[in-house]
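Input: a single structure, listed below in structure tokens.
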Amino acid sequence: MCASFSAPTLRRTAAARLAAVTLATGLVAAGVLTAAGPAAADDTPQNQGGATATMGGLKTFANAVVHDDGADYQVSAGLFEMSVDGGGTLQTYCTDLHNPTQRDAKYHETPWSGTSLGTNRSAGKIRWIVQHSYPQVNDLAALATKAGVANLSEQDAAAGTQVAIWRYSDGARVDAVDPQAEKLADYLQRSARDLPEPAASLILDPPAVSGHPGERVGPVTVHTGAGSVSVTPPVDAADSGVRIVGADGRPVTSAADGSRIYFQVPKEPKGGSSSASGAAGGTAELTVQGSTTVPVGRAFTSDSRSQTQILAGSSESTVSATASATWAGTGAIPALSAAKDCVRGGLAITATNKGDAPFAFRLMGVGHSIAPGASQRVLIPLREDQAYDFTITGPQGFGRRFAGVLDCRTQGGAGGTTTQTLSEPAPATVGGTAAGTNLAETGGTSTTPLIAATGLSLLVLGATALSIVRKKRTPTEN
């Protein structure tokens, strides 16, 4: 979990989660919104590009105490490490005190708007803290002087930083056990100022485009902190004849920040074929990849419900992003992309139509029609912790699948009851497979108790769930 508790605690998070994931998502609508079976459509990732990493665990930490509902609970507080796909290491702090950490969870770089930071007025202060403390400030003597203490160990510096973050991310009443770490936490909390969200390490804008055969479909603009990125053409480029080119029509194999790249689609299918990958109507995808240090303050989230992290340090790391193109000769020619929107509480679908006929579809019983040449942003409202898995289809076999879990809130506010469990039930999905078991990461001893849910009764009326939880004490898993 985000912190390791050594007494029964966290009486808010899991009951709400258990209720939410037991409810069906209710996202299947008649017509073009359908349950996604195997190979029903291309999966459309909700991450917009950047670094993807695997959680390694809590590496540098010390103890802290959470004051919750009149009781005190000891936790481990400090710095996590993640290994980046393709090479690199990230150091992060937790911004989600009461949620569990899933071992080996896959994380991806995410805009603040897709996390609890998107609705947190103190998000900029959290970024200030990670920018002005350990490990960004690795001169511990200088950091100790600013905090007004004689010295700081790496463990105390990490714990004090994490405690200060929790006070802003979760509104938690939490103190570091070590006096030096506590003074550092107080200094960071007192000194924090608002900073803007840092730029992404790598994104493509927009991530989906559409057009006609014989055109340069795009542009797709590269935004990156890397000096340059490699551009990989579609895997079937030799068969489809699709090339990746610049504005001058020349093929490109690399790009830089601000570069505009296009899909050059042949006017006629290669070899005269009218196959799905030919120019008469089809899709293609390009990938860009580079190496850079990910900006401090970027958020990292996991669709497996492992708690949200904020970046505190990065080695030179591999970053990547993808963009897709759709083309057809006549009719609607849609391009679809999606992003979690925690400010409005749902999944935001951006639909663009470059065809000569309207692109019509339904979401949650509401019909939408995108006029030729127009673009529209459609919000799918979701409950917190609600799993979703659905496909939007279009003409000529077009289909885009969207799957994930809406995880926008920390559970640090007062009120309600929650049970922290070692494992949670798999989320309800529409046509997809269930997610894996959620395991709490702990730093306590084998006798450290956690509350586990042993009974749950749900009464579902409309969109309301009433959960009744009976608890028992369970030994902690190390």
Side-chain angles (χ1 to χ4, degrees), residues 2 47-53 55 59-60 77-82 84 88-97 99 107-138 143 146 157-172 184-185 187-203 223-226 257 290-302 306-319 321 339-343 407-410:
C2 183
N47 56 303
Q48 298 178 357
T52 301
M55 171 58 70
K59 299 299 183 180
T60 307
L79 197 62
F80 290 83
E81 283 189 7
M82 292 192 277
V84 179
T89 301
L90 305 178
Q91 294 176 300
T92 61
Y93 287 105
C94 167
T95 62
D96 205 357
L97 170 62
N99 288 338
Y107 276 80
H108 50 260
E109 188 177 340
T110 305
W112 285 3
S113 60
T115 75
S116 58
L117 296 174
T119 56
N120 187 336
R121 294 182 179 179
S122 298
K125 293 182 178 180
I126 297 172
R127 186 197 171 190
W128 188 97
I129 290 171
V130 295
Q131 192 78 57
H132 291 81
S133 190
Y134 180 78
Q136 281 300 298
V137 179
N138 56 19
L143 188 60
K146 290 182 178 180
T161 304
Q162 180 65 90
V163 165
I165 289 171
W166 280 334
R167 291 173 182 174
Y168 282 121
S169 66
D170 294 74
L184 174 62
Y187 157 73
L188 294 171
Q189 181 185 15
R190 182 177 62 252
S191 303
R193 302 291 183 269
D194 281 322
L195 291 179
E197 178 179 4
S201 62
L202 173 63
I203 58 171
H223 299 284
T224 183
D257 183 48
S291 181
T292 187
T293 54
V294 183
V296 170
R298 290 296 290 171
F300 280 79
T301 60
S302 172
S306 196
Q307 94 297 322
T308 303
Q309 304 272 324
I310 189 167
L311 187 68
S314 167
S315 69
E316 190 80 5
S317 297
T318 299
V319 294
K340 294 177 185 178
D341 187 338
C342 289
V343 175
D407 185 6
C408 288
R409 301 176 187 169
T410 63

_Under the rule for salt bridge (charged side-chain N to carboxylate O under 4.0 Å, His left out), what residues qualify as partners of R298, not counting sequence neighbours?_
E109, E197
Side chain to side chain contact (heavy atoms under 4.5 Å, CB included) against [X], all qualifying residues, sequence neighbours excluded:
{"X": "R190", "value": "D186, Y187"}
{"X": "T292", "value": "S201, A226, V319"}
{"X": "V343", "value": "T119, D341"}
{"X": "A321", "value": "L202, L204, V288"}

*Do F300 and F80 pass the side chain to side chain contact (heavy atoms under 4.5 Å, CB included) test, and can you show the C-alpha distance, the side-chain angles, and the key distance before you say yes or no?*
CA-CA 12 Å; F300 280 79; F80 290 83; over 6 Å; no
*May I ask you to decide if A312's main-chain N or O and Q136's side chain share a donor-acceptor pair within less than 3.5 Å?*
yes
*Where the side chain of S122 meets the backbone of N120, is there a donor-acceptor pair that is under 3.5 Å apart?*
no
Minimum heavy-atom distance between [X] and [Y], given as atom pair plus value:
{"X": "Y168", "Y": "A192", "result": "CE1-CB, 4.1 Å"}
{"X": "P295", "Y": "P198", "result": "CB-CB, 3.8 Å"}
{"X": "A158", "Y": "Y134", "result": "N-CD2, 4.1 Å"}
{"X": "A53", "Y": "M82", "result": "CB-CB, 3.8 Å"}
{"X": "W128", "Y": "S191", "result": "CH2-CB, 3.6 Å"}
{"X": "V296", "Y": "R127", "result": "O-NE, 3.5 Å"}

Go through the structure and list residues passing side-chain hydrogen bond (donor to acceptor under 3.5 Å, both in side chains) with [X], not counting sequence neighbours.
{"X": "Y107", "answer": "S306"}
{"X": "S169", "answer": "none"}
{"X": "E316", "answer": "S291"}
{"X": "S133", "answer": "T161"}

_What I'd like to find out is whether the side chain of L117 reaches to under 4.5 Å of the side chain of I310, using heavy atoms alone._
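In contact.
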*May I ask you to test the T95-W166 pair for a side-chain heavy-atom distance under 4.5 Å?*
no
*Looking at residues at least two apart in the chain, or sitting in another chain, which of them share a ring-ring contact (aromatic ring centres under 6.0 Å, His included) with H223?*
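For H223 there are no ring-ring contact (aromatic ring centres under 6.0 Å, His included) partners, ignoring immediate neighbours.
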_Under 3.5 Å side-chain donor-acceptor pair for T110 and T301_ = yes
